[in-house]
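What follows is a short report on a single structure.
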Protein chains: 2
Amino acid sequence: MTSAVEHILEDLERSDTREGLQTAILALRDAFDVDHMVYHWVSAAGEQYGCGTYSDAWVNRYLAQDYLRIDPVVLGCFQRFHPVDWKRLDWSSKSARLFLHDALAHGLGNQGFSVPIRGPNGQFAMFTVNHRCDDATWAAFTDSHRRELILIAHYFNEKALDLEPDRTPAPSQPLSPREVEAMTLLAMGYARAQVADTMAISEHTLRAYIESARFKLGAMNTTHAVARALARGLIVVEGASRADMSTQRTARTAS
Amino acid sequence: MTSAVEHILEDLERSDTREGLQTAILALRDAFDVDHMVYHWVSAAGEQYGCGTYSDAWVNRYLAQDYLRIDPVVLGCFQRFHPVDWKRLDWSSKSARLFLHDALAHGLGNQGFSVPIRGPNGQFAMFTVNHRCDDATWAAFTDSHRRELILIAHYFNEKALDLEPDRTPAPSQPLSPREVEAMTLLAMGYARAQVADTMAISEHTLRAYIESARFKLGAMNTTHAVARALARGLIVVEGASRADMSTQRTARTAS
DNA sequence: TTCCAATCCCCCATTTATGGCGGGGTGATC
DNA sequence: GATCACCCCGCCATAAATGGGGGATTGGAA
C-alpha cells in the first residue's frame with residue numbers, strides 16, 4: 001500500500017464526522033487516479049447512506065428511479081462473497097441495459113469494481129471504484145490494487161458504522177433452539193402441520209414457537225419472520241449459494 | 001505486507017486443494033511467529049470445515065463438547081462486524097470460563113485476535129490468530145498486523161469457498177419486475193391484501209404473481225418462495241425495513 | 001427462594017392463503 | 001401472424017394460518 005493511501009486512511013481513522021468520509025473518498029479517488037469511488041449502504045427502503053464522487057444528478061436519478069432494485073451491481077454483490085468486476089455481472093436483462101445506458105449518460109465510467117461487505121443482522125454495504133478506460137488497463141488496475149481496495153472497503157465500513165450507531169441496533173433477541181428449528185423448517189417450505197410433525201410436537205406448541213419468534217423478530221407474520229431470520233443470519237437454509245461460480249453472462253461495458 | 005507473506009498468499013492462490021490451505025496456514029503461522037492460526041467456517045448445523053494449527057485433541061474436544069455454541073469467540077464474532085481481540089469478548093458466563101480453562105489446558109495461548117467474515121445467506125467464517133504472551137506484546141502485534149490479518153482472512157475464505165463442492169447451483173429463472181415487487185413487499189411483512197393495495201392491483205392478480213414466482217422458484221408456499229428469493233438474492237430486503245422507512249435519509253455527494 | 005425463559009399441551013373463533021375454474025389485454029420475438 | 005411472457009380481473013370452494021383465551025413442567029439466573 002502506498003504511503004499516500006496510508007495517510008488518507010490514517011486521517012480517516014482520526015476523523016469522526018461524515019465529512020471525514022467524504023474527504024477521504026475524494027482523496028482516495030485522486031490517489032488512485034480513477035473517475036469515481038463510492039461507499040454506500042443499501043436497504044429495502046432505499047439507499048440509507050452513502051458517500052462518494054458520483055454527481056448529485058446521478059444520485060438523485062438513482063433514487064428517483066429506484067435503481068437499487070435493478071442495479072446489477074447491487075444484485076450481483078448481494079449474492080456474492082467476493083469483490084467482483086462489473087464485467088462479470090449479469091447485464092443481460094432489459095432493465096439492466098437501460099440502467100447501464102443511463103449510468104453512462106450520467107458520467108459513470110464503463111469499468112467498475114465493487115467490494116461487498118456484510119455485518120451481523122444482514123447488514124450490507126458496497127465499496128465501488130468506477131473508471132473509464134479499456135479492458136486491459138482496467139484489468140491491470142484491479143489486479144494490482146485488489147488487496148488495497150478490500151482493505152479500504154473495510155475501513156470505510158468500520159468508520160461508517162462508528163458514525164451511525166443506530167444502524168447496528170437490531171436488538172434482535174436470539175431465538176431459542178426450537179424456534180430456530182421451526183423457522184428453518186418453515187423457510188424450507190414445510191407447512192405448519194409438517195413442521196410440527198417433523199419436530200414431534202403438537203401444532204399448537206409449534207404455534208407458540210412461531211409466535212414467540214415473530215415477537216422476537218418484530219415481524220408481522222410468519223413470512224416476515226422467516227425473511228428477517230434469514231436476513232439476520234439467524235437461520236441457514238438451502239445449500240450455500242456458490243454465486244461466484246455461476247455461469248453468468250458478461251456485459252460489454254468496455255469501449 | 002512482507003514479501004514472505006506475499007509469497008505464501010500467492011502460493012495459496014495457485015493451490016487448489018485443501019492441503020494447500022493447510023500448508024499456507026502453517027507457513028503463515030511461522031511467518032508471523034505465533035502459536036496458532038485457524039480458519040474455519042461454521043453453520044447452524046455445526047462446524048463444516050476448518051483448517052489450522054490447533055492440536056487434534058483440542059479440535060476433537062471442541063467438537064465433542066459442542067463448544068461452538070458457547071465459545072465466546074464464535075458468539076462474539078457472530079454479532080460483530082470488526083475484527084476483535086479476545087480480551088474484548090464476554091468471558092463472564094460460567095460456561096465461557098470453563099471453555100477458556102479447557103482451551104488453555106489444550107495448549108492454546110492466552111491472547112487471541114479473530115476476524116469475522118460473512119457472505120450471502122448467513123454464511124459465516126472466522127480467521128483467528130492465537131498466541132501466548134503478555135498484553136503489551138500482543139497489543140503491538142495486533143496493531144501492526146491488523147490489516148494483513150484482515151486480508152489473509154479474506155484470502156482464506158475465498159480459497160475455501162472455491163474448494164467447496166457446489167451443491168444446488170440454483171439456475172433460478174429470473175422473476176419479473178412485478179413478481180420481484182410482490183415478493184419484496186411480502187418479505188417486508190405486508191399481508192396479501194396490503195400488497196395488492198400497495199401495488200394498486202386486485203388481490204387476485206397479485207395471487208397470480210405470487211403463484212408464478214412460487215413456480216419459478218420451485219417453492220411449496222409463499223413463505224418458501226420468499227425465503228428462496230432472499231437466499232438467491234433476487235430481492236433485497238433489509239432486516240428492519242419497516243422501522244427504517246421513517247428515518248430514510250440519504251447523504252449528499254459532491255463531485 | 002423467587003422469577004423467568006424455554007419447553008410442552010388444549011379450546012374457541014376469525015381471517016387469510018391457496019387451489020381451481022374462467023376471461024381479458026399488451027408487446028417482443030420468431 | 002403465431003407464440004410467448006408479462007400484465008390485469010372475476011368467481012367458487014377448501015385448507016391453512018392467526019388471534020384470543022386457558023393450562024403444565026423444567027432448569028437456570030437473580
Side-chain angles (χ1 to χ4, degrees), chain A residues 69-70 92-98 171-227 229 234, chain B residues 69-70 90-99 171-229 234:
Chain A
R69 305 203 179 278
I70 61 166
S92 61
S93 82
K94 186 177 178 182
S95 56
R97 283 194 301 268
L98 280 175
S172 156
Q173 293 172 300
L175 301 180
S176 77
R178 293 296 259 178
E179 286 161 356
V180 170
E181 206 175 336
M183 300 309 286
T184 303
L185 290 167
L186 287 172
M188 296 195 317
Y190 291 99
R192 227 164 52 169
Q194 296 175 286
V195 175
D197 191 56
T198 304
M199 291 175 67
I201 56 177
S202 80
E203 196 172 332
H204 298 95
T205 302
L206 174 65
R207 264 183 59 184
Y209 290 144
I210 297 175
E211 279 177 30
S212 170
R214 214 169 52 209
F215 177 75
K216 288 181 180 175
L217 295 166
M220 311 287 292
N221 51 45
T222 301
T223 299
H224 194 195
V226 169
L234 299 176
Chain B
R69 310 221 174 262
I70 62 165
D90 177 17
W91 298 90
S92 61
S93 81
K94 187 190 291 180
S95 56
R97 282 195 300 271
L98 280 176
F99 167 78
S172 109
Q173 277 178 295
L175 301 180
S176 80
R178 292 298 258 177
E179 285 160 357
V180 169
E181 206 175 334
M183 301 314 286
T184 302
L185 289 167
L186 287 172
M188 296 196 318
Y190 290 99
R192 223 166 52 170
Q194 296 175 284
V195 175
D197 192 55
T198 304
M199 292 175 67
I201 57 177
S202 79
E203 195 171 333
H204 185 91
T205 302
L206 173 65
R207 268 183 59 183
Y209 290 144
I210 297 175
E211 278 176 33
S212 170
R214 215 169 52 208
F215 177 76
K216 286 181 181 174
L217 295 166
M220 311 285 293
N221 51 45
T222 301
T223 299
H224 194 194
V226 169
R228 288 200 156 177
L234 299 175

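Sequence lines set the chain letters: A, B, ... in the order given, protein chains first and strands last, and positions in each chain run from 1.
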Quiz item: B:Thr205 near the nucleic acid: base, sugar-phosphate alone, or nothing, with a heavy-atom cut-off under 4.0 Å?
Solution: base

Exercise. Find which nucleotide of DNA chain D each of B:Ser176 and B:Asn221 is nearest to by heavy atoms, and output the residue with the more 5' nucleotide.
Key: B:Ser176

Self-check item: Test side chain to side chain contact (heavy atoms under 4.5 Å, CB included) applied to A:Arg178 and A:Ile201, step by step
Solution: CA-CA 11 Å; A:Arg178 293 296 259 178; A:Ile201 56 177; 3.3 Å; yes

Exercise. Measure from the side-chain N and O atoms of B:Ser212 to the backbone N and O of B:Ala208, and report whether any donor-acceptor pair falls under 3.5 Å.
Key: no

Exercise. Output yes when at least one side-chain N/O atom of B:Arg178 is less than 4.0 Å from OP1 or OP2 of D:dC8, else no.
Key: yes

Quiz item: At under 4.0 Å, does any side-chain N or O of B:Tyr209 touch on OP1 or OP2 of D:dC6?
Solution: no

Practice problem: Select from B:Arg214 and A:Met199 the residue whose nearest nucleotide in DNA chain C is closer to the 5' end of that strand. | Solution: A:Met199

Quiz item: If you pin A:Glu203 and A:Ser212 to their nearest nucleotides in DNA chain C, which one's is more 5'?
Solution: A:Ser212

Self-check item: Integer-rounded Å distance: C:dA28 P and A:Arg97 CZ
Solution: 12 Å

Quiz item: Taking atom C1' of C:dA17 as reference, at what distance in whole Å does atom CG of B:Leu186 sit?
Solution: 11 Å

Quiz item: Could a donor-acceptor pair under 3.5 angstrom be found where the side chain of A:Arg207 meets the base of D:dG21?
Solution: no

Exercise. May I ask you to verify whether the side chain of A:His204 and the base of C:dC8 hold a donor-acceptor pair under 3.5 Å?
Key: no

Self-check item: Shortest side-chain distance from A:Ala191, nucleotide among D:dA17, C:dC12, D:dC7
Solution: D:dA17

Practice problem: For the side chain of A:Lys216, starting at C-beta, report the closest nucleotide among D:dC7, C:dA6, C:dC8. | Solution: C:dA6

